[in-house]
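Here is how names work: the chains are called A, B, and so on, in the same order as the sequence lines, proteins then strands, and each is numbered from 1.
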Amino acid sequence: MNRILEFDCSCPTTETRLFCEELFRRIPRNKGLSSSVSGGSSDYQELRKKKKYTLLDAGDEEERSNVGVGNEKKDSGESGNGRRRYRKRRQEEEDEEEETRFQHQTKEEEMKDKMVRRFKDTMKSEIVALREASRARYLKDRVKKKLEEIRDEIEDDDNMFGGIKLSEFETLRQNYKRRSVEVIKSRPEADKDYYEMPEAYDRDGVINQDKRFAAAVQRYKEPGETGGKMNSFRDQEVWEENQIGKATVKFGSKDKKTKSDDYQYVFDNQIVFTKTSVMDGEKYENDLCSDRQQESQSRDKLTLFTKHQDQRRNLPIYHYREELLKAIKDHQILVVVGETGSGKTTQLPQYLHEAGYTEHGKKIACTQPRRVAAMSVAARVSKEMGVKLGHEVGYSIRFEDCTSNKTVLEYMTDGMLLREFLVDPQLSSYSVVMVDEAHERTISTDILFGLLKDLSRSRSDLKLLISSATLDAEKFSDYFDRAPIFKIPGRRFPIDVLNTKAPEPDYLDAAVSTVLQIHVTQQQGDILVFLPGQEEIESAEEILKHRIRGLRSKIAELIICPVYGNLPTDLQVKIFEPTPEGARKVVLATNIAETSLTIDGIKYVVDPGFCKLKSYNPRTGMDSLLVHPISKASAMQRAGRSGRTGPGLCYRLYTSYNYQNDMEENTVPEIQRTNLANVILTLKNLGIHDVVHFDYMDPPPVEVIVQALELLTVLGALDIKGELTLVGRRMAEFPVDPMLSKMIIASEKYRCSEEVITIAAMLDVGNSIFYRPKNKQVLADNAKMNFYTENCGDHIALLKVYNSWKEAAFSTQWCFENFIQVRSMKRARDIRDQLEGLLERVGIMVTSSADDLDAVKKAIISGFLPHSAKLDKFGLYQTFKNRQTVHIHPSSGLAQSLSRCIIYHELVLTTKEYTRQVTEVNPQWLVEIAPHYYSQKDVEALKLKKMARGEGRATQG
DNA sequence: GAGCACTGC
């Protein structure tokens with residue numbers, strides 16, 4: 001009894017649920033049908049107004065009022081009829097009992113007493129069944145009412161949309177309704193509108209409860225079921241969803257704006273795609289099958305180690321093992337081409353190890369462009385070899401050296417190998433160097449190319465492997481003295497590439513439309529959309545949400561996951577969560593998803609063909625971060641993201657003509673579009689004097705090299721002959737930009753190294769310290785302004801942020817409270833620790849200037865002396881040297897104030913020329929600190945202007 | 001009152 005009552009309480013719409021269970025039980029299950037039946041041509045709200053539905057509504061109200069009210073109250077209403085009768089009877093019986101207690105004389109009375117006691121015994125066990133029977137009867141009535149409702153709907157539909165052509169969904173829905181009616185009608189006695197209480201008493205006057213309830217329960221039993229209870233919740237949910245859909249959404253032929261012969265869903269700007277090409281998969285499926293077989297066979301019998309060995313044998317590269325080893329033996333340099341999944345990164349070093357290249361204490365190095373890749377690959381290989389990570393197989397990345405003297409296979413970031421060159425220019429501990437993902441052309445990789453090529457001439461025993469994706473293999477081969485190319489097939493499913501028929505004027509809108517198009521017309525599979533930046537992702541998210549709002553009950557659930565670098569990690573994790581059944585995930589990502597993140601289950605890629613690209617202008621010394629069309633290689637890479645777990649589809653929002661004729665083959669390598677000051681300093685430190693004629697694979701513009709040389713000279717890292725000075729040598733020790741390292745070196749003079757390395761670390765992590773969520777911008781801004789005090793710029797604010805965090809014991813909670821990104825702070829701490837260690841190495845004491853912020857500012861000037869600007873008479877800033885108009889970025893604490901002379905960390909062209917991370921300084925200090933760069937005249941002029949402006953203001957006031 | 005792709009030492 002309790003069980004039933006509790007159940008009633010916890011489920012406010014039990015009647016509804018049971019009704020619907022009954023309904024669904026009787027109707028043949030058809031998933032597609034039941035999900036498409038949602039919504040209705042007639043508007044539920046309007047239906048509610050009609051009189052014939054008031055009865056139903058009253059029932060609904062009653063259900064609602066029953067929620068949370070005591071159980072007793074449940075006995076009211078239609079469901080209580082039987083119970084009321086029963087109660088009445090019970091009361092009578094009780095009265096009789098009272099009577100017998102006093103009289104108790106005749107036999108007749110004794111018999112009566114006996115009967116009552118028997119009745120009471122059976123009461124407890126039967127009351128449960130009685131309630132159920134009563135409820136079942138109520139449900140029967142509901143079925144009838146619902147049936148009536150559906151009939152009316154059909155009638156309405158016929159009247160309203162009789163002559164209009166319906167969409168497939170609407171037709172389906174109507175058919176579904178008609179079928180529902182037929183099915184219910186064909187049920188025996190469905191239309192009988194009275195209920196017979198079975199005979200309760202036998203002829204001899206004895207109550208026969210079995211007989212009484214058996215009949216009531218019988219009708220609501222499913223064949224084969226043991227009890228009359230129904231317990232499917234899923235169908236209930238489906239039905240409720242449909243009801244909600246009816247109540248909130250208007251949809252149907254009447255809402256149709258344009259008349260077309262046939263349609264499913266009408267979008268204002270439906271995009272027409274043409275299939276232009278197919279990227280073939282490479283004999284994947286057979287492999288996969290054998291993979292699975294192998295896996296299932298080996299799961300129980302084999303150990304983990306042998307299982308790994310089995311998997312190794314199934315990789316495409318396995319068939320080429322001997323040939324590869326022979327090629328490596330015969331040639332000093334080999335270009336290996338293998339697409340994702342070929343197994344080159346994990347297998348090649350192992351083959352070399354097995355072939356004896358690690359004898360005599362030599363190691364094999366394999367470089368990766370990213371830290372995560374180096375770590376995860378090393379972990380994988382150590383498992384395959386059955387050794388502990390850090391022993392025979394290790395990795396070495398910044399802040400983390402996971403190797404030992406036993407290590408023979410060393411995975412490392414490319415920057416790390418570059419640092420290794422500084423220590424040991426002969427790389428004498430390595431027998432093989434493999435540069436993986438060479439096609440990514442990071443700066444470090446490009447510099448490594450030149451150094452390794454040179455080294456290979458002096459060290460004939462050193463084997464060099466350059467591994468890359470297909471496209472530019474010939475280029476690598478040409479560069480490395482026509483080294484042979486070894487091709488390994490990849491493992492990928494075929495991908496259909498679709499291009500638009502006409503160019504799309506608004507890629508954002510087109511991307512959103514395409515996503516919806518895919519969502520309603522294509523089968524299961526997640527969607528990945530590439531967008532240039534955070535802003536575009538956020539607006540795409542909003543538009544998408546807005547557009548599916550009106551369709552929620554018509555289409556499957558669409559889960560929107562934004563991903564970009566600055567997104568806090570805990571929000572990034574969302575994209576890896578498996579998509580729930582029946583739903584679809586759409587990932588809105590920046591280029592982060594092109595190489596850095598791999599998301600499982602992506603079947604559709606939407607590629608608008610743009611990305612943000614940073615490029616450097618040596619004349620203005622300014623970086624620009626602007627939206628550019630992507631390259632063909634990049635487009636291929638993006639498309640490839642869809643074919644990882646099954647055949648994929650790539651929707652390109654540009655024409656195939658654009659692709660063929662307007663897009664570059666490859667993205668301009670980083671080395672040709674970056675400030676090279678750091679690279680030049682590194683090369684100089686390696687003893688390469690002629691940096692202009694260094695063997696670059698793609699030489700950077702000479703202007704950029706010259707400008708870098710100039711800067712290094714100004715900073716005192718190079719002397720007049722272009723040779724590295726002591727200052728330059730010390731600067732090169734620090735793995736940061738030359739301006740930052742100069743600032744650190746200068747902190748020795750101003751006795752504030754403690755503060756300066758903190759600022760350097762905070763500047764180095766970039767602009768991801770403060771987090772500003774869209775819905776809490778004011779709060780976030782207020783929290784940020786707490787770190788700004790009088791006479792305090794962005795640099796000092798960063799210092800305060802770090803120190804406050806330190807005082808809060810590096811607390812994560814503190815970060816949340818202050819809208820600070822923990823991830824960035826942890827990184828800043830790592831960098832700071834590293835810098836602190838390096839201070840010692842170059843012989844600088846860690847000293848604090850305490851509260852003397854001027855000392856800190858002077859150290860900043862020493863590093864960033866070309867980055868100064870002054871306020872002109874129009875209230876705009878002009879750089880001292882280039883006379884270029886710049887603006888203080890609104891995110892800066894100084895954006896509102898007018899400081900007459902500022903030092904900035906960087907200058908980036910986005911919508912305007914913005915200086916970021918700004919501090920006000922005394923112009924006189926510029927001359928003091930850098931008399932070789934600033935003349936007294938520059939500063940005097942500023943003073944005069946200031947006076948003139950002051951007077952102007954005075955007269956105005 | 002703007003908006004910052006991704007890396008690496």
Side-chain angles (χ1 to χ4, degrees), chain A residues 367-374 396-401 412-423 437 440-448 530-539 563-567 589-597 610-615 623-628 630 634 637 667 669-671 673-674 678-679 681-682 685 731-738 740-741 761 764-774 777-778 780-781 821 824 827 830-831 834-835 838 887-893 895-896 906 908-917:
Chain A
T367 72
Q368 296 290 322
R370 277 170 294 279
R371 294 159 48 94
V372 188
S396 161
I397 56 179
R398 189 182 182 182
F399 312 127
E400 218 181 321
D401 183 6
M412 50 170 72
T413 47
D414 45 14
M416 210 63 191
L417 188 64
L418 204 55
R419 285 270 141 185
E420 192 93 25
F421 257 104
L422 290 171
V423 184
E437 314 285 352
E440 287 196 26
R441 301 292 304 276
T442 66
I443 289 197
S444 304
T445 304
D446 268 22
I447 302 293
L448 277 177
F530 284 100
L531 293 168
Q534 180 183 343
E535 201 194 354
E536 288 85 350
I537 288 173
E538 280 172 355
S539 40
V563 188
Y564 44 87
N566 250 353
L567 195 74
T590 60
N591 257 2
I592 195 169
E594 201 177 296
T595 47
S596 310
L597 292 180
F610 292 100
C611 70
K612 267 192 180 154
L613 210 62
K614 196 168 177 175
S615 47
D623 274 320
S624 58
L625 191 65
L626 301 173
V627 177
H628 282 272
I630 58 167
S634 195
Q637 176 76 22
T667 313
E670 204 184 351
I671 199 165
R673 50 183 174 88
T674 338
N678 203 13
V679 170
L681 184 64
T682 309
N685 198 25
M731 278 167 62
E733 286 294 323
F734 293 91
V736 290
D737 229 48
L740 283 173
S741 56
D764 204 41
V765 293
N767 305 302
S768 53
I769 303 280
F770 298 101
Y771 180 54
R772 197 165 181 249
K774 260 210 145 139
Q777 290 183 346
V778 180
D781 288 346
Q821 295 219 46
S824 304
R827 191 175 155 80
D830 284 341
I831 298 173
Q834 191 186 28
L835 294 177
L838 291 167
H887 309 265
I888 296 180
H889 195 275
S891 65
S892 164
Q896 308 295 338
E906 58 180 354
V908 180
L909 172 69
T910 52
T911 50
K912 279 183 187 171
E913 296 84 355
Y914 282 113
T915 58
R916 294 202 288 233
Q917 316 293 17

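Qualifying side-chain hydrogen bond (donor to acceptor under 3.5 Å, both in side chains) partners for A:Ser539, counting only residues two or more places apart in sequence or in other chains: none. Among residues two or more places apart in sequence or in another chain, the side-chain hydrogen bond (donor to acceptor under 3.5 Å, both in side chains) test is passed with A:Asp830 by none.
Within the structure, every side-chain polar atom (N or O) of A:Thr595 is placed at least 4.0 Å from both OP1 and OP2 of B:dC6. Residue A:Lys612 places at least one side-chain N or O under 4.0 Å from the OP1 or OP2 atom of B:dC4. Here A:Arg772 does not reach the OP1 or OP2 of B:dC4: none of its side-chain N or O atoms lies under 4.0 Å away. Dashed line: the shortest gap from a side-chain N or O of A:Ser444 to OP1 or OP2 of B:dT7 is not under 4.0 Å.
Among the protein residues, A:Phe734 comes within range of no part of the nucleic acid, since none of its heavy atoms lies under 4.0 Å from any strand.
Distance alone, capped at 3.5 Å, places no donor-acceptor pair between the A:Thr367 side chain and the A:Met412 backbone.
Comparing B:dG8, B:dA5, B:dC4 by their closest approach to the side chain of A:Asn591 singles out B:dA5. Comparing atom distances between the A:Glu670 side chain and each of B:dA5, B:dT7, B:dC9 picks out B:dT7 as nearest.
No donor-acceptor contact under 3.5 Å links the side chain of A:Arg916 to the base of B:dA2.
Looking at A:Ser634 and A:Glu594, their side chains do bring a donor and an acceptor atom within 3.5 Å of each other.
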